[in-house]
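Down below is the structure, laid out as structure tokens.
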Amino acid sequence: MRGYIIASLVVLCSPAWAHVGSPDVFYDGLVGPYPARVTVRMPGVVPGRAEISVRVQAKQPVEVSFLPLYAKTSVSNAPPPDPGRLVARETNLYAGEIWLMSFGAYSIEVRIRGESGEGTVQIPVNSVATRQLPLPPFLGKLLLALGALLVFGGLAIVSAAARESVLAPGVPPGKTEHRKGLVAGAVTAIIFVALLWGGKKWWLAEEAGFRRHLREGAWPDLAADVRVENGQRILHLTLGQKAFAPNYSIPLAADHGKLLHLFLVREPNRDGFAHVPPVRTGGKTFEVALPPLAEGDYRVLCDLTFEESGLSTTATNSVRLAPMPAAAVDKARPLEPDPDDSWASYPVESVATLTGSNGTCRLPGGDQVVWGSAFPIRAKQDAALQFEVRDAAGKLIALEPYMGMLSHAAVLRGDGAIFAHLHPSGNYSMAAQDLFKEKMQRETGASESDKGTAAAMDHSAMGHMQHHMRSAVTSISLPYEFPTAGEYRLWVQFKTSGRVLTAIFDATVLPR
Ligand SMILES: [Cu+2]
């Protein structure tokens, strides 16, 4: 209870997890037999109420329910599921609210039951606070005055009781009674001082506990430096040096096969971009051989999911890249580049032409990526991120999975305060989803029917578009809503004919 009081004074302003400043979670895929799009609006506080809405593609009405599963307690301790209500004047939109009571990773189990059968999906979310609100000076003074009233009122009552309670009505207190009153008052004062002192200690301990959970901006800390070795620029990362004990080895869960998803964005013009997976070299250290990016200052954004807690987060920093080194004399390279490395480096002057104003990004090789968006885009509304890839002649090109997904997209607001990593299936951590699926199977025992659901969920990682197209996939959609108005840049990645394409779009997001 005491924790809740403190927590209630705290507002999430820029939650830091698999994203920075982009708290809401989106899912697009199958829930059992039903294609569905789920939106989870995360609460402003811990504990707080998450608002969930689900648009289900089903011919008949269905039953929808939501169940919060906390990473640190067993599934059998979960509360009963909350039913989703059909939204007024809608035929297939269901909404509900659930309480997230504690700090840490939750999975929201969305269950849909209807004539075509039943299915569930786990949507991992992070229940975190990122800011401690200051006590308003007026409120502080008022509470101080009320506290003083209580203390002095209490002293007056105790000494008056000791002085006069045994006297008959109307008899004035004598010397002895006065002394009794003074002694009782003094003893009470000592007790009150001890209580106040203990109360202050307790409060400071509670506050320290709260601050340990606090995630202000990106978290944990990240140190980045580059060294040149044998013709290679090696980026060396140290994660959580300040946040964790010196010998602590950070337990990470692989997300689509990689422990870290590292994005590099050249500053200030955002004209260089890379998506590379560093490899672990120690408990908190990682390295990656850098692709041929131009020299300059780069923003480093590093997505990760903790294996034990299921929390996902983005650590950020910046790093200066020296010019490309001369080719090494001997062939042995210290670090082999990952075949999934991808990068895009455009000259500053051509970036202006790669904007979303006409919805088409022409790539250096002649291919075009077309954003079929209905402009304008507004904050907190479906951004309609739908893309298709065409060759120079305008013919649709079939897409291939890249790191297990039909598309990866990075979204960065101009000031760097908002960052999100999107996939056709949604913007949650797949690694956290896998952890929750394993937890469910371990604690409830997977049956035949659950296996079917699990297979459907794995399949859904591609986004439900793929299910409808047995033939080649030529377009993708990314479920997302920009959290605030502003100028954003999007890097949208596809794989086709074994090559990774990175298209760049600029988007102006209007206020809601
Ligand atoms: Cu990705």
Side-chain angles (χ1 to χ4, degrees), residues 16-22 24-29 123-126 218 237 252-265 273-279 286 288 291 299-306 310-316 337-344 369 383 385-387 389 399-412 418-435 457-466 473 475-482 488-496 498-505:
W17 30 293
H19 307 255
V20 180
S22 182
D24 295 344
V25 181
F26 308 95
Y27 170 84
D28 192 2
I123 303 177
V125 299
N126 291 303
L237 301 168
L252 293 178
D255 200 337
H256 26 294
K258 316 287 178 188
L259 285 182
L260 298 180
H261 282 261
L262 183 79
F263 296 92
L264 292 167
V265 176
F273 171 85
H275 179 185
V276 289
V279 292
F286 300 83
V288 63
R299 187 179 291 274
V300 183
L301 301 130
C302 192
D303 275 356
L304 57 126
T305 301
F306 289 94
L311 269 179
S312 53
T313 181
T314 303
T316 70
D338 191 297
D340 285 328
D341 284 356
S342 60
W343 64 93
V369 178
L385 301 181
Q386 281 167 10
F387 301 91
V389 186
L399 304 174
E400 299 155 16
Y402 164 49
M403 284 196 268
M405 240 75 64
L406 280 169
S407 174
H408 299 251
V411 170
L412 189 67
I418 289 168
F419 168 74
H421 176 181
L422 317 178
H423 302 117
S425 56
N427 63 340
Y428 54 88
S429 159
M430 307 245 163
Q433 189 185 45
D434 289 343
L435 290 173
M457 286 196 290
D458 285 339
H459 212 156
S460 73
M462 295 282 182
H464 82 256
M465 297 290 281
Q466 204 184 13
V473 183
S475 77
I476 61 109
S477 95
L478 302 160
Y480 190 61
E481 296 176 3
F482 292 93
Y488 288 82
R489 178 157 289 184
L490 286 78
W491 292 266
V492 191
Q493 300 193 289
F494 304 93
K495 192 169 186 178
T496 171
R499 295 168 306 140
V500 177
L501 308 176
T502 303
I504 305 181
F505 294 95

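Keep in mind that the numbers below use all heavy atoms, side chains included, and drop hydrogens, waters and symmetry copies. Remember, it's 1-based here, ligands and their atoms both numbered in the order they're listed.
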Indicate if the distance from the Cu ion (ligand 1) to the nearest N, O or S atom of H261 falls below 2.8 Å. no
Name of the H408 N, O or S atom nearest the Cu ion (ligand 1)? ND1
Please verify the inter-ring angle class for H421 with H408; under 30° counts as parallel, over 60° as perpendicular, anything in between as tilted. tilted
Look at the side chain of H261 and the backbone N and O of D255, then say whether any donor-acceptor pair between them is shorter than 3.5 Å. yes
Please name all residues satisfying side-chain contact (heavy atoms from CB on, under 4.5 Å) with A409, sequence neighbours left out, ordered by chain then number. L422, L478, V492
Considering just N/O/S atoms, say which atom of H421 is closest to the Cu ion (ligand 1). NE2
Using 30° and 60° as the class limits, which term best fits the ring planes of F273 and F263: parallel, tilted or perpendicular? tilted
